[in-house]
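Each residue takes its place number in the sequence, starting with 1.
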Amino acid sequence: MKKYFKHFLILSLSFSFISCGIYSFTGASIPADVKTYQVNYFENSALLVEPGLNIDFRIALQDLIQNQTNLSLVTSNGDLVYEGEITDYRISPTTATSDNRAAQNRLTIAVKLRFFNKKNPDDDMEQTFSFFYDFPGSAQLLGAQKTTAHEEIFERLTQDIFNATLAKW
């Protein structure tokens, strides 16, 4: 009897994993007929333009999708298409000292995303995503600190975009 139960259990688990073809351990719900994605150019239309920011963001979004799905990156005719623009790149003080100097500054980056799902146009969306990085008011946003700020903001922005478009959170 134990022998049959063991075989039944293995068979049941096998079928349950096979039947969940659109499930991903990253939380993405990607239909089986969606195989490719493309990330188009993101224009930098912010008032303060940081050179190369649009390229770095595009690469960060491509990498996140590549690492968290089985989708193939293509340059045209993708089943899923991401595009948009960087609409805000701003450094502003968040707190002040007693002599009216910035004790802390905040870098904010906003991206307006347009997402198209050619297999299911009901999933198409347009939404703005924004995140920030705080740094000391006495520090300049240069070199390694600027790189760290961009990486942290991009990590959050790309994950939020992934969740909104593929995980439906």
**Q** Would you mind reporting whether Pro136 and Gln145 have side-chain heavy atoms less than 4.5 Å apart?
**A** yes
**Q** Report yes or no: do Leu61 and Phe131 belong to one cluster of Ile/Leu/Val/Met/Phe/Trp/Tyr joined by side chain heavy-atom distances under 4.5 Å?
**A** yes
**Q** Parallel, tilted or perpendicular: which describes the rings of Phe57 and Phe42, with under 30° parallel and over 60° perpendicular?
**A** perpendicular
**Q** For Asp123, enumerate each residue passing the salt bridge (charged side-chain N to carboxylate O under 4.0 Å, His left out) test, keeping only those at least two apart in sequence or located in another chain.
**A** Lys168
**Q** Should Met125 and Phe162 be regarded as members of a common hydrophobic cluster, given that ILVMFWY residues are connected when their side-chain heavy atoms come within less than 4.5 Å of each other, either directly or indirectly?
**A** yes
**Q** Considering all heavy atoms of both residues, which atom of Asp79 and which atom of Lys35 are nearest to each other, and what is their separation?
**A** OD2-N, 2.7 Å
**Q** Show your working on side-chain contact (heavy atoms from CB on, under 4.5 Å) between Thr87 and Val111 and close with a plain yes or no.
**A** CA-CA 6 Å; Thr87 57; Val111 175; over 6 Å; no
**Q** What I want to find out is whether Arg114 reaches Glu85 closely enough, with some N-O distance under 4.0 Å, to be called a salt bridge.
**A** yes
**Q** Enumerate, atom names and distances included, each donor-acceptor pair closer than 3.5 Å involving a side-chain atom of residues 43-52, sequence neighbours excluded.
**A**
residue: Asn44; atom: OD1; partner: Ala46; partner atom: N; Å: 3.3
residue: Ser45; atom: OG; partner: Ile86; partner atom: O; Å: 3.2
residue: Glu50; atom: OE2; partner: Lys146; partner atom: NZ; Å: 2.7

**Q** With clusters defined by side-chain heavy atoms of hydrophobic residues (ILVMFWY) lying less than 4.5 Å apart, directly or transitively, does Ile161 cluster with Leu166?
**A** yes
**Q** Are side-chain N/O atoms of Gln66 and Tyr37 paired as donor and acceptor at under 3.5 Å?
**A** yes
**Q** May I ask you to say whether Asp134 pairs ionically with Arg106, meaning some side-chain N is under 4.0 Å from a carboxylate O?
**A** yes
**Q** Would Tyr133 and Thr148 count as a side-chain contact (heavy atoms from CB on, under 4.5 Å) here? Give the steps.
**A** CA-CA 9 Å; Tyr133 175 84; Thr148 299; 4.0 Å; yes
**Q** Has Glu126 got more than 12 heavy atoms of other residues, nucleotides or ligands less than 6.0 Å from its CD?
**A** yes
**Q** Any heavy-atom pair between the side chains of Phe154 and Leu64 that's under 4.5 Å?
**A** no
**Q** Does atom CG of Asp33 have more than 12 heavy-atom neighbours from other groups under 6.0 Å away?
**A** yes
**Q** Same hydrophobic cluster for Val81 and Phe129, using side-chain heavy-atom links shorter than 4.5 Å among ILVMFWY?
**A** no
**Q** Give me the atom names and distance for the closest heavy-atom approach of Ile91 to Leu141.
**A** CD1-CD2, 3.8 Å
**Q** Tell me, with the steps shown, if Thr128 and Asp88 meet side-chain contact (heavy atoms from CB on, under 4.5 Å).
**A** CA-CA 10 Å; Thr128 299; Asp88 196 15; over 6 Å; no
**Q** Return yes if some donor-acceptor pair links the side-chain N/O of Thr158 with the main-chain N/O of Glu155 below 3.5 Å, else return no.
**A** yes
**Q** For residues Ala149 and Leu107, report the shortest heavy-atom separation together with the two atoms involved.
**A** CB-CD2, 4.0 Å
**Q** Search all heavy atoms of Asn40 against all heavy atoms of Glu83 and return the closest pair with its distance.
**A** ND2-OE1, 3.0 Å
**Q** So, Gln38 side chain and Gly78 main chain: donor-acceptor pair closer than 3.5 Å or not?
**A** yes
**Q** Indicate if Val34 and Leu73 have the same hydrophobic cluster label, given that clusters are the connected sets of ILVMFWY residues with side-chain heavy-atom separations under 4.5 angstrom.
**A** yes
